[in-house]
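Because the structure is predicted, anything quoted here is derived from the model rather than measured. Proteins come first, then strands; the chains are lettered A, B, ... in the order of their sequence lines, and each starts at number 1. Side chains included, hydrogens not; waters and symmetry mates left out as well; all remaining heavy atoms used.
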Amino acid sequence: MANRYKEFKHLNLPAIEKEVLDRWEREEAFQKSVSLREGAPSFVFYEGPPSANGMPGIHHVISRTLKDLVCRYKTAKGFQVERKGGWDTHGLPVELGVEKELGITKEDIGKTISVAEYNQKCREAVLRYKDKWDDLTTQMGYWVDLKNPYITFTNEYIESLWWCLKELYKKGLLYKSVSIQPYSPAAGTGLSSHELNQPGTYKMVKDTSATVGFKVVQNEKSQFLFNAANSELQTGDLELYFLAWTTTPWTLPSNLGLTAGPDIDYVLVKTFNPYTYQPQHVILAKALLHKYFKAEGENADFSSYAEGDKVIPYNIVSQFKGRQLEGVEYEQLLPYEANSLEAIRAITPDAQPFRVLMGDFVTTEDGTGMVHTAPAFGADDYKVGKKYGIGILTLVDREGKFVDGLGEFSGRFIKDYKNQADYQDVNVDISVKLKREGRAFKVEKYEHSYPHCWRTDKPVVYYPLDAWFIKTTALKDRMVDLNKTINWKPAATGTGRFGQWLENMVDWNLSRSRYWGTPLPVWRTEDGSEEKCIGSIAELNEEIVKANQVLGGDVNKAYLHDGILDLHKPYVDEVVLVSSTGQPMRREPDLIDVWFDSGAMPYAQAHFPFENREFFAKNYPADFICEGVDQTRGWFYTLHALAAMLKESVHEVLKEDAYLGDVDKEYPGLAYKTVVSNGLVLDKNGNKMSKRLGNVVDPFKTIADFGADATRWYLITNASPWDNLKFDLEGIKEVQRKFFGTLYNTYQFFALYANVDGFAFKEAPIPVAQRPEIDQWILSSLQTLVQKVTTAFDEYEPTQAGRLIEDFVDEQLSNWYVRLCRRRFWKGEYEGDKIAAYQTLYECLETVVRLMAPISPFFADELFLNLNAVSGRFTEASVHHVLFPVADESLIDTLLEERMALAQDASSLVLSLRKKVNIKVRQPLQKILVPVLNGSMEDQLRQVENLILAEVNVKEIEYLTDTEGFIKKKIRPNFGALGKKLGPKMKAVSGALAQFGQHEIALFEKEGRYSLPVDGDFVELVLSEVEITSEDIPGWTVASKGALTVALDINITPELEQEGNAREFVNRIQKVRKDSGFELTDRILVKIGDADGLESSLIRFENYICTEILADKLEFIPHLTDGTEIEVNDKTLKVIVSKI
RNA sequence: AGAUCCGUAGCUCAGCCUGGUUAGAGCACUACACUGAUAAUGUAGGGGUCAGCAGUUCAAAUCUGCUCGGGUCUACCA
């Protein structure tokens, strides 16, 4: 055991951290922190797997700090917290990285590079920066098991995913369907939203847009429209048209419906067609009327209209809500063979197309307020089309050209996908045709932003593609209910962003047409009549053999003996299975969404249910997870959705193992109980960090420069984790200086004197009640701190915890306790009071260090071990192995804390008064006056009187009660109490009280009640409904804060002046001592020359002076010529200070 | 477009849930003081349309609605 506390030369956090890291490594501190809790209840944490194919940034440090501090805190609270690391290894970013590296595109796959080679490259690339990530993890002090992480590309992991998928399949929750997705005809591939969000994909383009008329069919449903039109004078045939607008006329042949907004106002307008000049009735949203009609044409003379007139007359015939149009039929716009009703019903047998539908997505921003609906070419169209059963027509093939059976348009490309020299825009031709037929109402070039394929630069279309879905909507209610049991931090994200998301849930599109990912384990016969979903490797191997036996020949030859070795493409695709009727079955080519990989991690990280069932049962669900808020609809959702959907499957497996607990209660279908979603890290100007802007902060450099502790502390205390953080290095510097610097100073102070006195906490603790009041106070504050910090951590409010600790260390411990107690450490013998001071300060330091350990694990451990090395109070080898402090409530004395606050305020007020009259603190003053308004205040103040007097260097306090009659008082309403009683009269009463003079106040106090005339009425007031404070003591300079007022006697008597001189003299000698490099304990001899009138002061206070400066006596030597010249209150004298 | 968070001193943030005296800290700035914790510390000062508008109320930074600005997520529209 050491006999001296380690002293530092100066504070160098990065250097300290390096040593601490070495020690942790050497002593396997992390592993021990887990193994020491063997048998304790577990606290379950899931690590959201990062993808290691990019470099980590500073934003990764914040969520990992949060994760780490919670896990450390829970360990300190006695839980066993296993933290398995993980790596997300599949997905598009990996593929893109590889393609960039090899200089290839997707089209090269299978041509210049085989799928096997390509995937091998991906496998190699995926952990490229794993070392960097591991470095960051280590350096920032994130304790997580890096040795046995789960890796999503392993066969075991994928096998668990397949199990999940098969369970879903068995429940009918996995199905194949069509969905409308971005598709690039030029590249012949679907595009992910990620690809669509690449910079530059959305471009401004000019397209031919057309507003066209759909002719209303006259029948029962539409009769009201015709009636309205008929009420006007009408000649010729009555023709009514719905107007709809499109920027993609090529979708018009595929039109099957028109969608209107139920609450939008529509009008029926009589006018002329601007191209054919024939009279027409058109229907469009009222709000958009003036996009098509010039105001001066309203009710203009129809009879004088001539072809080509600029102003077209019109009048509004009728107005109605969109909902009245529901179900109204219209004639098909561009009928051909391929889009005949027979053709439509050949695809969708009961289709009822060419009707008006209702849709929430309709706006009156642009267009006509009626949306041309072609279900194949828009997600909204598809959805509303499906709801109304209008069928679906896909009259454009995958190359982007019209199919056969569309007359003159057959075979034409809808956009110039082939860079044809003589390309004619088919959209123009369609518009021209419609113009001629009197079906076009307005044709113009329209400029808008439209997505383009990032590889070919050609416009994207929305196109129906086959996809596999998970029917999450079937379990929506369960997910919504379970979500209410999750502790969301902040709560608003759970009810808001996440809750809304659940409410508006759509089925989960799992399919991805890519190469590097988890393959969908579904095999189908060519005609789709039979399909198989495989749930394990064993099952697949069985089927492989079976297929070989039935189909014979070379089928599955490569996989017969060893079974399948890699579950990725291309190998799984080479496997052929056999149907019950002996048909070959091939795998559905899709891979699954990588979010499924991460959402299934609770099962797959344990290779559940194939292995580790016990581990799984113990580690499910998570007590706590934490990621960036951008994961709300990502990982948070997929974890939640899968847990809800797999609930029964998990129960079944656990029951197989004769699991005895209450499965419903312990595994309610929840993946996590608490989730913290942290905000983003922005640069100091509030901009998102991006490589492009060059404002990214390098976490390695930050940690190297300022230390992980300061960085972590800054990240946690500067803003709530869920608020965005404006990251500024200046802030870290401030934390370093203010918090760590202060704590370091306090420790240094302690170590300095404890080493001198040999304090090693060997004496029995002095009962707190026997220690001085100030010790009782700081210990009471300390216990209060422990309580508050514990609550804050328990509520996942680390920001609060950190700020509380900061405040305690700075305001209470350093700037009050240590400052006031300094003398106790350096003066006097090593006994009672001094030992109490050491014990108290030691306890404070030790406790603070344990409280802060979760947030700043390095410095806390360093100080803890430095303290413990001498005292040996703990047997543990690290602060991270000891239990969290528990507040000793018996030490909490609220009254004491209150009166100390009073003392602090009083001192601060006196100091400000001294400042005002320019009398330095070293000059003693005689007294301060404090008006007291009640007994308890005086009582409280008396108990801290000595502290105040010492702190402000004043001899006495005089308490003034109002019996003297010269305290000037002020009265104010107690708004809280009076507001409820008075209501509207409040203002008048408040005004009346402000007019009170001293006499009224005194009367009120004496009677205890007051009858106040207000608006000719009387309001009865009692004392508790007002606040009376002292405002002034006439003739004195006063200062006040809240209810506390102090006045200072600034008369300096000759005696006080002499004492002031003596103190000043002491101060100068101490400086000389220090300059001469004497040890603290050196005794000195002082020779004094001509003292310029100070002799009397020095002689009178010789005893005091000698004790202070450790001299035996003062020697006066007249006419001293050498020696140091010092100045004492504007008088100069020479002194010689020498060691004895 | 929808959802959500944020907007308080030059900067970083408390306070808002639960309305009530003169809206607080720290940093920075200025001045002074302190000097056996000294690469520390104290005191004082200037600095605010609490984003804006409207409403509820005796009383609004605080509650409600709208608007503006910023961020994020989701969606992508004729």
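For the salt bridge (Lys or Arg N to Asp or Glu O under 4.0 Å) condition, the pairs that include at least one residue of residues 739-757 of chain A, sequence neighbours left out, are Asp757(A)-Lys834(A).
Of the listed residues (Phe706(A), Phe740(A), Phe727(A), Phe739(A)), just one forms a ring pair (Phe, Tyr, Trp, His ring centres under 6.0 Å) with Tyr714(A), and that residue is Phe727(A).
Defined by atom type and a distance below 3.5 Å, a donor-acceptor pair is missing between the side-chain atoms of Thr247(A) and Ser209(A). Side-chain contact, Asp380(A) with Tyr462(A): no donor N or O sits under 3.5 Å from an acceptor N or O. In this model, no donor atom of one side chain and acceptor atom of the other lie less than 3.5 Å apart for Gln736(A) and Trp713(A). Judged purely by distance below 3.5 Å, without hydrogens or angles, the side chains of Trp488(A) and Asn483(A) pair a donor atom with an acceptor atom.
Base engagement by Gln1070(A) is indicated by at least one non-hydrogen atom pair under 4.0 Å involving a base atom. Phe498(A) comes within 4.0 angstrom of nothing in the nucleic acid, heavy atoms only. Heavy atoms of Val921(A) sit nowhere under 4.0 angstrom from any nucleic acid atom.
Taking the P atoms as reference points, G42(B) lies 15 Å from C34(B), given to the whole Å. Between the P atoms of A39(B) and G52(B), the separation comes to 46 Å (whole Å). When the C1' atom is used for both U72(B) and C27(B), the distance is 28 Å, rounded to whole Å. Nucleotides A3(B) and U67(B) have their P atoms positioned 11 Å apart, rounded to a whole Å. Remark: the separation of the C1' atoms in U21(B) and C17(B) is 22 Å, to the nearest Å. C5(B) and A14(B) have their P atoms separated by 15 Å, with the value rounded to a whole Å. Spacing between G20(B) and A61(B) at atom P, rounded to whole Å, works out to 10 Å. Comparing G19(B) with G10(B), their C1' atoms sit 30 Å apart, to the nearest whole Å.
The shortest distance between the side-chain N/O atoms of Tyr462(A) and the OP1/OP2 oxygens of C77(B) is below 4.0 Å.
When each of Leu909(A) and Leu752(A) is assigned the nucleotide of RNA chain B with its nearest heavy atom, Leu752(A) is the one assigned upstream, toward the 5' end.
The ring of Tyr747(A) has its center no closer than 6.0 angstrom to the ring center of Tyr5(A).
In this structure, Asp728(A) contributes its side chain and Gly731(A) its backbone to no donor-acceptor pair below 3.5 Å.
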Dump every N/O contact between nucleotides 39-42 of chain B and the protein below 3.5 Å, one line per pair.
from: A40(B); atom 1: O2'; to: Asn745(A); atom 2: ND2; distance (Å): 3.0
from: U41(B); atom 1: O3'; to: Asn815(A); atom 2: OD1; distance (Å): 3.3
from: G42(B); atom 1: OP1; to: Asn815(A); atom 2: ND2; distance (Å): 2.8

Return the polar atom pairs (N/O with N/O) between nucleotides 59-63 of chain B and the protein under 3.5 Å, or none.
none

At a cut-off of 3.5 Å, list every protein nitrogen or oxygen paired with a nitrogen or oxygen from nucleotides 20-22 of chain B, distance to 0.1 Å.
from: U21(B); atom 1: O2; to: Arg972(A); atom 2: NE; distance (Å): 2.7
from: U21(B); atom 1: O2; to: Arg972(A); atom 2: NH1; distance (Å): 2.5
from: U21(B); atom 1: N3; to: Glu1027(A); atom 2: OE1; distance (Å): 3.3
from: U21(B); atom 1: O4; to: Glu1027(A); atom 2: OE1; distance (Å): 3.3

Subject >> Per-nucleotide protein contact string for nucleotides 5-17 of chain B, where B marks a base within reach and S marks sugar-phosphate only (heavy atoms under 4.0 Å, - for neither) >> reply: SS-----SSS---

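At a threshold of 4.0 Å, the pair Arg819(A)-Glu951(A) counts as salt-bridged, since one of the basic side-chain nitrogens sits closer than that to a carboxylate oxygen.
Stem regions for RNA chain B, each three or more consecutive Watson-Crick or G-U pairs with both distances under 3.5 Å and listed by first number, read B:1-7 with B:68-74, B:10-13 with B:24-27, B:29-33 with B:41-45, B:51-55 with B:63-67.
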